[in-house]
Amino acid sequence: MDPASQDINLNSPNKGNSMDRSDNMADDQAEGAAANSAHPLPPGLTEEEAEELRLELTKVEEEINTLRQVLSAKERHASELKRKLGLSPLNELKQNITKSWQDVQTSQAYKKTQETLSEAGQKTSAALNTLGTAISRRLGDMRNSPTFKSFEDKVGNLKHKVVGPRGNGDAVSSPTDTTPTHENPPF
C-alpha cells in the first residue's frame, strides 16, 4: 500500500491502519448496518433520514482523512524544502528566541523596567560613592588621632626589634634571592 494513503495522524482512530479506502468504506457500511440493529433510531428520525445522515457522516470522515493525507504530504514537502535550504529545527528555534527577545525589548513594560533599574543603579552608585568618601574621611581622621599614632609607634618599634636597624627602603635579602648584587656580577 502506498504511504500517502495511510492515516498518520496520531489522534486519528485509524492510525496505523493499512487498509485500502474501499475496505474502509465497506467497514463503515458494515458498522452502519450494525448500528441499525444495535442502536434504535432516535424519536422523530425516520430510517431514510438516518441513512442520509450516515452517508453524510461517511463523506465527511472521508474528507477529513483526505485532508489529513494532504496535510501530511504538505508537511513532508515543507520539511524537504527546509532541509534543502539548510534550515534545521535548531536554527528555527534560535530565530524564534531571537525574535521573541527583540519583541520583549521593544515592549513598554521592558523599557519602563529598564529605566527604573537604571535609575536605581545610579542612585545606588551615588550612595556607595558617598559612603566610600565618608569612610575614607573617617579613616583619615582616625589615622591622625593620637591613639592611632601611639599604635603606629608601637608597631614601628616592634618592627625595629624584629628586623633590626636597617633603613626603611632596604629590603631583607633572602638566601634564595637570585637578584645579582654589585659585589657579585652575573659574569
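Position 1 is the first residue of the sequence; numbering continues from there. Because only heavy atoms are used, hydrogens play no part in the values below, and waters and symmetry mates are left out as well, while side chains stay in.
One distance of note links CD of Glu63 with OG1 of Thr66; it measures 7.5 Å at 0.5 Å rounding. The CG atom of Leu87 sits 11.5 Å away from the OG atom of Ser79 when rounded to the nearest 0.5 Å. Separating the CD atom in Glu49 from the CG atom in Leu41 is a distance of 9.5 Å, to the nearest 0.5 Å. With rounding to the nearest 0.5 Å, the separation of NZ in Lys74 from CG in Leu71 is 9.5 Å. Taking OG of Ser145 as the start and CD of Glu152 as the end, the distance is 10.0 Å to the nearest 0.5 Å. Atom CD1 of Ile97 is separated from atom CD of Glu92 by 12.0 Å, given to the nearest 0.5 angstrom.
The 12-atom threshold is exceeded at OH of Tyr110, counting heavy atoms of other residues, nucleotides or ligands nearer than 6.0 Å. Annotation: Gln105, atom CD; neighbour count of heavy atoms from other residues, nucleotides and ligands within 6.0 Å is above 12.
Salt-bridge annotation for Arg83 and Glu80: present, with a side-chain N of the basic residue lying under 4.0 Å from a carboxylate O of the acidic one. Using a 4.0 Å cut-off between charged side-chain N and carboxylate O, Glu51 and Arg54 make a salt bridge. Ion pair Lys99/Asp103 flagged as a salt bridge, since at least one NZ, NE, NH1 or NH2 atom sits closer than 4.0 Å to an Asp/Glu carboxylate oxygen.
Side-chain contact of Arg76 with Ser72: a donor-acceptor pair under 3.5 Å is present, judged by distance alone.
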- prompt: What's the verdict on side-chain contact (heavy atoms from CB on, under 4.5 Å) for Leu139 and Ile135, showing C-alpha distance, side-chain angles and the deciding distance?
  reply: CA-CA 6 Å; Leu139 287 174; Ile135 289 173; 4.0 Å; yes
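Panel note: side chain Ser118, backbone Gln114; no donor-acceptor pair is recorded below 3.5 Å. Ser136 places no side-chain N or O within 3.5 Å of a backbone atom of Thr133 that could act as its donor or acceptor partner. Judged by distance alone, with hydrogens and angles left aside, the side-chain atoms of Ser150 form no donor-acceptor pair with the main-chain N or O of Pro146 at under 3.5 Å. Ser125 contributes no side-chain N or O that, together with a main-chain N or O of Gly121, makes up a donor-acceptor pair within less than 3.5 Å.
The shortest non-hydrogen separation linking Asn91 to Gly86 is ND2-O, 3.5 Å.
Under the 4.5 Å side-chain heavy-atom criterion for grouping Ile, Leu, Val, Met, Phe, Trp and Tyr, Leu131 is connected to Met142 within one hydrophobic cluster.
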